[in-house]
Asks: 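Can you read through this structure? Questions will come right after.
Only a predicted model underlies this, so the values are computations on that prediction, with no experimental measurement involved. Chain A is the first sequence line, chain B the second, and so forth, proteins listed ahead of strands; every chain is numbered from 1.
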Protein chains: 2
Amino acid sequence: MVGAVTSGGDAIARASGGDPTWTIAEIAAEFGVTHRTVRHYEELGLISPERRGTTRIYRRRDRTRLNLILRGKRLGFPLEQVRTIIDLYDSPRGKASQLEYCLAQIDDRRADLEQRRRDIEDALAELDTFAARCRDDLDRLR
Amino acid sequence: MVGAVTSGGDAIARASGGDPTWTIAEIAAEFGVTHRTVRHYEELGLISPERRGTTRIYRRRDRTRLNLILRGKRLGFPLEQVRTIIDLYDSPRGKASQLEYCLAQIDDRRADLEQRRRDIEDALAELDTFAARCRDDLDRLR
DNA sequence: CGACCGCTTGACGTTAACGTCAACGTAAAG
DNA sequence: CTTTACGTTGACGTTAACGTCAAGCGGTCG
């Protein structure tokens, strides 16, 4: 075994010289999903790990994407929409027209996220007033 | 036609004396969903409109619930989870034990919503730095 | 009175996001 | 060299959230 490994039950970095890689099982376990889920994301083109022969090899880039995907899911975005934002993040931005398109897309996403933020603020505010009423009622019962 | 109606293409309040009611078509149109969707929510027990004979009659209470449902959907909550929060809002709160249960539930929901808010803040922050980089690149192209 | 409109119920279809199962390859371990 | 563990490709199953007919009922308009 080579290389300084921080260990601790985590997935272990392979390829002593290069950057660390992970197997599908390690990735799945670490992100709290099944290997089927990971494969599903690949089928949809959300991630595209390298192959050593037929075996999938995951790198940092894939982990970054998985984080984006799972956050998107927590936020309730459909995977297709998650794809558009991932594609946005590594779309070609060489030409001015492409950059302007990116900026436009970003504005769209911003608007969407801010709508959700408002919804969340509203929901939290309602919960708070409801909780206050509950506490009042509880106090009055004593 | 009786009663002060603000009109304007909106659904019109019926039942001159009592409180306003709406048909399923009006409700659906106003909330931007299909009547099938409204019926689906009823099948899941999320709303339970009155009946005049066989026809559904929607009141303010149903509209409140529909607002909760649709906001829950925008936030990506499954309808079953939406139901739990709706049920929470009009659950019995006469006894202290019930009020304490409510407060506990509220804390759960709060935690969930705050996680989502963090996710959204993160996503917005990333979008912002990405947008800044895009604008930089764009400036440098001139 | 017939036609039409809106409402209702039932039942089957569809899409997204996986779950699950079978069958196979391969590489290290006994 | 066989067993065992992990990985891979299909392919079909499942659940949620509706969509989409089909068929029937009840008022009202001409």
Side-chain angles (χ1 to χ4, degrees), chain A residues 1-2 9-12 14-15 21-59 62 65-87, chain B residues 1 9 11-12 14-15 21-59 62 65-87:
Chain A
M1 211 167 84
V2 193
D10 291 350
I12 295 174
R14 282 173 197 68
T21 64
W22 293 264
T23 72
I24 193 170
E26 290 166 344
I27 287 287
E30 194 175 341
F31 284 85
V33 299
T34 69
H35 82 286
R36 180 65 181 86
T37 299
V38 177
R39 255 189 55 201
H40 182 55
Y41 296 158
E42 185 176 346
E43 288 171 16
L44 296 186
L46 296 174
I47 45 183
S48 33
E50 284 175 36
R51 299 286 181 123
R52 178 138 42 220
T54 171
T55 303
R56 279 167 254 252
I57 302 180
Y58 296 86
R59 299 188 174 279
D62 302 306
R65 280 170 169 254
L66 253 173
N67 271 314
L68 280 176
I69 296 168
L70 296 180
R71 192 180 64 194
K73 269 199 52 185
R74 285 198 303 273
L75 292 176
F77 288 108
L79 292 181
E80 276 304 318
Q81 204 165 340
V82 169
R83 200 225 315 252
T84 70
I85 191 182
I86 289 188
D87 288 354
Chain B
M1 209 167 83
I12 295 174
R14 281 170 196 69
T21 65
W22 293 264
T23 72
I24 193 170
E26 289 165 344
I27 287 287
E30 194 176 342
F31 284 85
V33 299
T34 69
H35 82 285
R36 180 65 181 87
T37 299
V38 178
R39 254 189 56 201
H40 182 56
Y41 296 158
E42 184 177 347
E43 288 172 16
L44 296 186
L46 296 174
I47 43 183
S48 33
E50 285 175 37
R51 301 285 181 123
R52 177 136 44 219
T54 172
T55 303
R56 279 167 254 253
I57 301 179
Y58 295 85
R59 299 188 175 280
D62 301 305
R65 282 171 167 253
L66 252 174
N67 271 314
L68 281 175
I69 295 168
L70 296 181
R71 192 180 64 194
K73 270 199 51 184
R74 285 198 303 274
L75 292 177
F77 288 108
L79 293 181
E80 276 304 317
Q81 205 165 340
V82 169
R83 200 223 315 248
T84 70
I85 192 183
I86 290 188
D87 288 353

Asks: Please state how far atom CH2 in A:Trp22 lies from atom C1' in D:dG7, giving the value in whole angstrom units.
Replies: 19 Å
Asks: For A:Glu42, enumerate each residue passing the salt bridge (Lys or Arg N to Asp or Glu O under 4.0 Å) test, keeping only those at least two apart in sequence or located in another chain.
Replies: A:Arg51, A:Arg56
Asks: Mind checking what makes side-chain contact (heavy atoms from CB on, under 4.5 Å) contact with A:Thr55, not counting sequence neighbours?
Replies: none
Asks: Using the closest heavy atom to pick a nucleotide of DNA chain C for each, name whichever of B:Arg56 or A:Thr54 lands nearer the 5' end.
Replies: B:Arg56
Asks: Would you say that A:Phe77 contacts A:Ile85 through its side chain, given a criterion of any heavy-atom pair below 4.5 Å between the two side chains?
Replies: no
Asks: Find the distance between OG1 (B:Thr37) and CD1 (B:Ile24) and round it off to the nearest 0.5 Å.
Replies: 9.5 Å
Asks: Under a criterion of less than 4.0 angstrom to any heavy atom of chain A, what are the 5'-terminal and 3'-terminal contacting nucleotides of DNA chain C?
Replies: C:dA17 to C:dT20
Asks: Got B:Arg65 and B:Tyr41 here, is their nearest side-chain heavy-atom distance under 4.5 Å?
Replies: no
Asks: Of the residues in residues 65-79 of chain A, which ones touch DNA chain C at a heavy-atom distance under 4.0 Å?
Replies: A:Lys73, A:Pro78, A:Leu79
Asks: Got a sec, which residues hit salt bridge (Lys or Arg N to Asp or Glu O under 4.0 Å) with B:Arg59, two or more places apart in sequence or on another chain?
Replies: B:Asp19, B:Glu50
Asks: Taking DNA chain C as the partner, which of residues 33-50 of chain A come within under 4.0 angstrom of it by heavy atom?
Replies: A:Thr34, A:Arg36, A:Thr37, A:His40, A:Tyr41
Asks: Does some side-chain heavy atom of B:Leu68 sit less than 4.5 Å from a side-chain heavy atom of B:Val82?
Replies: no
Asks: How far does CD1 of B:Ile27 sit from OG1 of B:Thr21, to the nearest 0.5 angstrom?
Replies: 9.0 Å
Asks: State whether B:Thr55 places a side-chain N or O below 4.0 Å from either non-bridging phosphate oxygen (OP1 or OP2) of D:dG26.
Replies: no
Asks: Is the shortest side-chain heavy-atom distance between B:Leu79 and B:Arg83 below 4.5 Å?
Replies: no
Asks: If we ignore hydrogens and angles and just use 3.5 Å, is the side chain of A:Glu26 paired with the main-chain N or O of A:Thr23 as donor and acceptor?
Replies: yes
